[in-house]
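Report on the following structure.
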Amino acid sequence: YVDYADLLDWWLEHVAAMPPDQLPQHVLVDEVQDLSPVQLAILRRLLPSDGKGFFGIGDPDQAIYGFRGVSGQSESSLRAVWPDLSVFCLGRSFRSSQDVLNMARSLLHNKGQCGPLTAARQLSAQLRLFSAPDQQAEIRWVTRRVQALLGATAHTLLDQHLSSAEAHELDGTLAPGDIAVLVRLRAQIAPLRAALEQAGIPCAAPAEDAFWQDAACARLLAMAATHCGLGPLAQSLAAATGLQEVPAPATAGAADAATSTVAAGLADTAAAAAAATASAAATAASAASAVTASGATGMAGSPLLPVTPFGAGASLPAPEALEPWLKQQAWAGEPLVAGRAWRECKRAWKTHGNWTEFLAHLGWLQEAEMVRGKAEHVQIMTMHASKGLEFQAVFLPGLEDGLLPLRKDLLFGAGSESSATSGDRTPSAPVSPVSPVSPVSQVAPQADEDEERRLLYVALTRAARALFVSHS
């Protein structure tokens, strides 16, 4: 197993040995401003020395990944590599109104590398600033404003809103998917989400995949579901991970203890039986008949051939008892047994204490997740995660000294090396929803401050028509 950084290094090492006829004629790069030095080196080896065949598109004013070692590419840095590079400036924005674009450009002190942008659509826009007395008041303001944009349903709330001076031209016209709440740190998401959901507002926030979405874990769960006669659930788990066939374990004697369930086609059944020993084939045929009678055959043409380490009719052992066998499987091994998904699976299993109830609950969770995935939600995410997205209205809470620009020395103490610079990571120390910090005026390094300006520029330009900015 290698991580992404290792993969890039491997590619850089091996691309030089590629035969010329295997090199691409054209290389297209999106978000070219975020190329790291290693990625740029790979590009140079893939292309001829003059860069012929290269096409890149990007915005240097949106270079926001310096914490990952990305220095930020620009016309000048790319032209230093390929002097004959042709550059075309795109000057129209099809997302934001002119008012939003003008305000965002002023944040860069009118020194943006791409020049001014002109709105392609004639849209009106409004910017609202709210100075809250405390954190909870700021959260209540965000919640109230989101309710108004969606359209209040309670008469008292509607009356209160219409009589206030906070009315906005978009009130009552937006759907949940038109609205985003963008924050600097992931630690700010939870309290905002809790307040919005308490008010009955559907929300979505980035989250780790559920344990049944892990490919190896889903494979085992599909085996267990088949063994318990839950064919539709087994098919669903297999389909979600692209699973077509689960091979038999390659351990001595494993076939004698295995239950092979064939869930489609007589040809597949024959092939599986031929590959097994005589006793295993008889066991497989018996298990297949039993499962077919219980409705676990699945849809025609969708073969599902899971193999489990326990015999037909036997009670399934607890997840912990399966670990020695799992460690021997090429598709599972230590990465599954030592991973987060397996730990969560075991924890969920213990809540029910048996496979039948656990799998029944898992089926309900899957259906609920599918319904939730199709519904519209107010999106709550970090500024980094919002890049490339578009919303009619954007809320930016917590815009205050220490959070933007991010001041790790104020949030985590002097000398902190917390990874909280990344908007996609949770800081090691707790951060309140809008985190009031000491107004110490210590200027961050210029490079960091410039990147923080670009990050706010990205957040502002996610909005088409409405911006709601707040602090406490």
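We count residues from 1, following the sequence as given.
- Under the side-chain contact (heavy atoms from CB on, under 4.5 Å) criterion, Glu13 pairs with no residue at all, not counting sequence neighbours.
- A 4.5 Å side-chain heavy-atom check between His26 and Phe55 finds every atom pair outside the cut-off.
- Between Asp59 and Lys387 no salt bridge is recorded (no basic side-chain N to carboxylate O distance below 4.0 Å).
- In this structure Pro24 satisfies the side-chain contact (heavy atoms from CB on, under 4.5 Å) test together with Val27, Leu46, sequence neighbours excluded.
- Between Ile179 and Gln379, every side-chain heavy-atom pair lies at or beyond the 4.5 Å cut-off.
- Arg454 contributes a side-chain N or O that, together with a main-chain N or O of Ala63, makes up a donor-acceptor pair within less than 3.5 Å.
- The line from CD1 of Ile42 to CG of Asp9 is 8.0 Å long, rounded to the nearest 0.5 Å.
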Candidate pair Arg186 and Gln188, rule side chain to side chain contact (heavy atoms under 4.5 Å, CB included), full reasoning = CA-CA 5 Å; Arg186 287 187 65 177; Gln188 298 171 263; over 6 Å; no
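- Between the side chain of Gln213 and the backbone N or O of Ala210, at least one donor-acceptor pair lies under 3.5 Å.
- The heavy-atom pair separating Thr226 from Ala234 by the smallest distance is OG1-CB, 3.2 Å.
- When all heavy atoms of Ser93 and Ser96 are compared, the pair lying nearest together is OG-N, 3.4 Å.
- In this structure, SG in Cys345 is found 9.5 Å from CG in Asp214, a value given to the nearest 0.5 Å.
- The nearest pair of heavy atoms linking Cys217 to Leu336 is N-CD1, 3.9 Å.
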request  = Decide yes or no on side chain to side chain contact (heavy atoms under 4.5 Å, CB included) for Ser472 and Asp134, but give the supporting numbers first.
outcome  = CA-CA 5 Å; Ser472 61; Asp134 55 52; 5.6 Å; no
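- Residues His384 and Tyr65 bring their aromatic ring centres within 6.0 Å.
- Heavy atoms from other residues, nucleotides or ligands lying under 6.0 Å from CZ of Arg44 number 12 at most.
- The CE atom of Met223 sits 11.5 Å away from atom CG of Leu237, with the distance rounded to the nearest 0.5 Å.
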request  = Tell me, with the steps shown, if Ile64 and Glu452 meet side chain to side chain contact (heavy atoms under 4.5 Å, CB included).
outcome  = CA-CA 8 Å; Ile64 58 174; Glu452 293 288 299; over 6 Å; no
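- Of all heavy-atom pairs between Leu399 and Met383, the closest is CD2-CE, 3.9 Å.
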inquiry  = If you apply the rule side chain to side chain contact (heavy atoms under 4.5 Å, CB included), what do you find for Leu220 with Trp342, and how did you get there?
reply    = CA-CA 10 Å; Leu220 176 67; Trp342 182 242; 3.3 Å; yes
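- The aromatic rings of His361 and His352 sit tilted relative to each other, their planes meeting at an angle between 30° and 60°.
- There is no side-chain donor-acceptor pair under 3.5 Å between Ser74 and Gln33.
- Note that the CG atom of Leu404 and the CG atom of Leu396 stand 9.0 Å from one another [nearest 0.5 Å].
- Donor-acceptor pairing under 3.5 Å is lacking for the side chains of Gln136 and Glu138.
- A salt bridge links Lys350 to Glu320: one of the charged nitrogens lies within less than 4.0 Å of a carboxylate oxygen.
- For the residue pair Ala341 and Phe211, the shortest heavy atom distance occurs at O-CB, 3.2 Å.
- Classification of Glu323 and Lys327 as a salt-bridged pair fails, no side-chain N sitting under 4.0 Å from a carboxylate O.
- Side-chain contact between Pro176 and Ile201: absent, with no pair of heavy atoms (C-beta onward) separated by less than 4.5 Å.
- No side-chain donor-acceptor contact under 3.5 Å links Ser386 to the backbone of Leu389.
- Counting only heavy atoms from C-beta outward, the side chains of Leu12 and Leu8 never approach each other to under 4.5 Å.
- Using a distance-only test at 3.5 Å, with no hydrogens or angles considered, no donor-acceptor pair links the side chain of Glu400 to the main chain of His471.
- Note: Ser470 OG to Phe130 CZ = 7.5 Å, rounded to the nearest 0.5 Å.
- Side-chain contact between Pro202 and Val378 is absent, with no heavy atoms from C-beta onward closer than 4.5 Å.
- Residue-environment remark: CD (Gln198) stays at or below the threshold of 12 foreign heavy atoms within 6.0 Å.
- Leu362 contributes atom CG, which lies 8.5 Å from atom OG of Ser236 (distance to the nearest 0.5 angstrom).
- Annotation for Val458 and Arg462: closest pair O-NE, 2.7 Å, computed over non-hydrogen atoms.
- At distances below 3.5 Å, at least one donor-acceptor pair connects side-chain atoms of Arg343 with backbone N or O atoms of Ala338.
- You'll find the side chain of Trp325 stays beyond 4.5 Å of the side chain of Pro317, heavy atoms only.
- Judged as a side-chain hydrogen bond (donor to acceptor under 3.5 Å, both in side chains), and not counting sequence neighbours, Asp178 has no contacts.
- Looking at heavy atoms from C-beta onward, Leu316 lies out of side-chain contact with Asn354 at the 4.5 angstrom threshold.
- Under the 4.5 Å side-chain criterion, counting only non-hydrogen atoms from C-beta, Leu35 is in contact with Val29.
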